[in-house]
There are 2 protein chains.
Amino acid sequence: MSSTTRVPQEERTRAMRLRLMEATVELLVEKGFSGTTTTLVSERAGVSRGAQLHHFPTKNDLVVAAVAHLTEIRGSDLEAAVSRLPDGAGRTEAVVQMLGDHFASPVFTAALELWVAARTDAALLEAVAPLEQRVGRETHRLTVELLGADESRPGVRELMQATLDLVRGLGLANTLGDDARRRRKILKEWSRSLDAALKEKS
Amino acid sequence: MSSTTRVPQEERTRAMRLRLMEATVELLVEKGFSGTTTTLVSERAGVSRGAQLHHFPTKNDLVVAAVAHLTEIRGSDLEAAVSRLPDGAGRTEAVVQMLGDHFASPVFTAALELWVAARTDAALLEAVAPLEQRVGRETHRLTVELLGADESRPGVRELMQATLDLVRGLGLANTLGDDARRRRKILKEWSRSLDAALKEKS
DNA sequence: AAACAAACAGTCAAGCCTGTCTGTAAATGG
DNA sequence: CCATTTACAGACAGGCTTGACTGTTTGTTT
């Protein structure tokens, strides 16, 4: 039946699904959402069209699964970066720069493609919105924690949001040829203002 | 020949091109870039496909023209908003909020669709990039002017860029269901920090 | 070992999009 | 008023994408 345990098949299934999702993410970054055709995905993944359709009946299924996969990558990426964060004086800037780097990664680019596509695709939006909301909240929580900010003080929450919206904006600019140096300098200056504002409010 | 003066034809041409470009912008907002098909544009504009192809041989021609048209709208939009700006105490916040509103308008949404599409479309990028660069510089210049900031002081330039990248980020969030209240509060708080930082540096 | 289910392979048709092409109407210039 | 150019109309073909469909292999269960 289907309720009993199975092993090797599940393994194969997982591997195949993973390959398909990774190929999807790659293509999202390289060719954009509409350029990510199911045919290209199966070719890139080295999977027959039949197998692909077996695991992901429609393109939306595939893309949504890829998004979910993406959010996992995002999570572990961030965790890894967090562990390398220094304490003390330069803490704020280190945190902000880390966020900046994160939102300048291919992961963000792929997610951006999805957001923009989802804006005008109801079915996709339905799948992406809750996911992205969760990730957004989690990122916010993490930022507050890393900065040791006290959101019960008025204005602090808005500064956290501003920081995240800023890195989002920088991430967007980054997809269109902006360089890392510019980002660094902007975030450095931002960190100073943020530090000053937080200190004043504490 | 063609160097002599003509009137009614030129007028008709201008009107037809305008209708096509406006329909294109509308569809960009409603259906996204790939959803903006040439067929839909001609239908929306009430123009035959033949006429459309006569004025804009390819989809890229059409879209690029629409972008150019868009930047003009952006320009006059901003000018109009600037004239309504107050002086004195709340100046900084008024300027920042104005920028925030501007980057939350449909105009930004349409431009976003183009940026994202251009990222993976070399031909489009070639046409869009210089245009957007110009507009970006102009917006930067305007912001500096409106805020009366002195960019010769270290860090001030970065604060200006940060402000613009922040509103870009907020604009992006806005396309995915973010509300205006959140934006207002965030920008209000940032205005304070910005004011403090600018004062400190003067 | 046999029956059954899942995984995989590849072809096919339907639909859509883009740009070309041929043809018609209107307007300008001599 | 006629010739030429520009504006406009609509059919058409080529290419591509998606998802359905049929058939084959591999694994699982009894």
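Letters go in sequence order (proteins before strands), and every chain restarts at 1. Just so it is clear, the model here is predicted, and its values are computed rather than measured. Values below: every heavy atom of this structure, side chains too, minus hydrogens, waters and symmetry copies.
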In whole Å, what is the span from the [atom1] atom of [X] to the [atom2] atom of [N]?
| X | N | atom1 | atom2 | result |
| --- | --- | --- | --- | --- |
| A:L27 | D:dT17 | CG | C1' | 14 Å |
| A:F56 | C:dA7 | CZ | P | 12 Å |
| A:Q52 | C:dA9 | CD | P | 11 Å |
| B:R14 | D:dT6 | CZ | C1' | 18 Å |
| A:R44 | D:dT17 | CZ | P | 14 Å |
| A:L62 | D:dG19 | CG | P | 10 Å |
| A:H54 | C:dG10 | NE2 | C1' | 15 Å |

So which pairs with a foot in residues 116-131 of chain A pass side-chain hydrogen bond (donor to acceptor under 3.5 Å, both in side chains), sequence neighbours left out?
-> A:R119-B:E113
Provide the full list of side-chain hydrogen bond (donor to acceptor under 3.5 Å, both in side chains) pairs with a residue in residues 46-56 of chain B, sequence neighbours left out, each pair given once.
-> B:T38-B:R49
Can you list, pair by pair, the side-chain donor-acceptor contacts under 3.5 Å of residues 25-32 of chain B, counting residues two or more places apart and other chains?
from  : atom 1 : to    : atom 2 : distance (Å)
B:E26 : OE1    : B:R44 : NH1    : 2.8
B:E30 : OE1    : B:R44 : NH2    : 3.0
B:E30 : OE2    : B:R44 : NH1    : 3.1

Residues which pass salt bridge (Lys or Arg N to Asp or Glu O under 4.0 Å) with A:D178, listed by chain and number, not counting sequence neighbours = A:R182
For B:D150, which residues count as a salt bridge (Lys or Arg N to Asp or Glu O under 4.0 Å) partner, sequence neighbours excluded?
-> B:R153
When you measure from every atom of DNA chain C, which of residues 111-127 of chain B have a heavy atom less than 4.0 Å away?
-> none
Within-4.5 Å side-chain heavy-atom neighbours: B:L166 and B:L187 = yes
Please list, by residue number, the residues of residues 18-26 of chain A whose heavy atoms come closer than 4.0 Å to an atom of DNA chain D; answer none if no residue qualifies.
-> none
Could you tell me whether A:K199 and A:D195 have a side-chain N and a carboxylate O separated by less than 4.0 Å?
-> no
Between OG1 of A:T92 and CG of A:L198, what distance do you get to the nearest 0.5 Å?
-> 6.5 Å
Could you state the interatomic distance from NE2 (A:H102) to CG (A:L78), rounded to the nearest 0.5 Å?
-> 4.0 Å
Looking at B:H55, does any N or O in its side chain come under 4.0 Å of the phosphate oxygens OP1/OP2 on D:dT6?
-> no
Does a nitrogen or oxygen in the side chain of B:T13 sit under 4.0 Å from OP1 or OP2 of D:dA7?
-> yes
For A:E145, check side chain to side chain donor-acceptor pair (under 3.5 Å) against everything at least two apart and list the hits.
-> A:R141
Non-neighbouring partners of B:S191 that pass side chain to side chain donor-acceptor pair (under 3.5 Å), sequence neighbours left out = none
Does B:A180 offer a backbone N or O that forms a donor-acceptor pair with the side chain of B:K185 under 3.5 Å?
-> no
Option passing side chain to side chain contact (heavy atoms under 4.5 Å, CB included) with B:V128 (candidates B:L125, B:L124, B:L131) | B:L124
Among all residues two or more places apart in sequence or in another chain, which pass the ring-ring contact (aromatic ring centres under 6.0 Å, His included) test with B:F108?
-> B:F103, B:W115
Report, one pair per line, the protein and nucleotides 17-20 of chain C atoms (nitrogen or oxygen only) whose separation is under 3.5 Å.
from   : atom 1 : to    : atom 2 : distance (Å)
C:dT18 : OP1    : B:K59 : NZ     : 3.4
C:dT18 : OP2    : B:T38 : N      : 2.8
C:dT18 : OP2    : B:T38 : OG1    : 2.8
C:dG19 : OP2    : B:K59 : N      : 3.0
C:dG19 : N7     : B:R49 : NH2    : 2.4

Dot-bracket line, read 5' to 3' along DNA chain C, where crossing pairs take [ ] and | marks a partner on another strand, Watson-Crick or G-U under 3.5 Å | ||||||||||||||||||||||||||||||
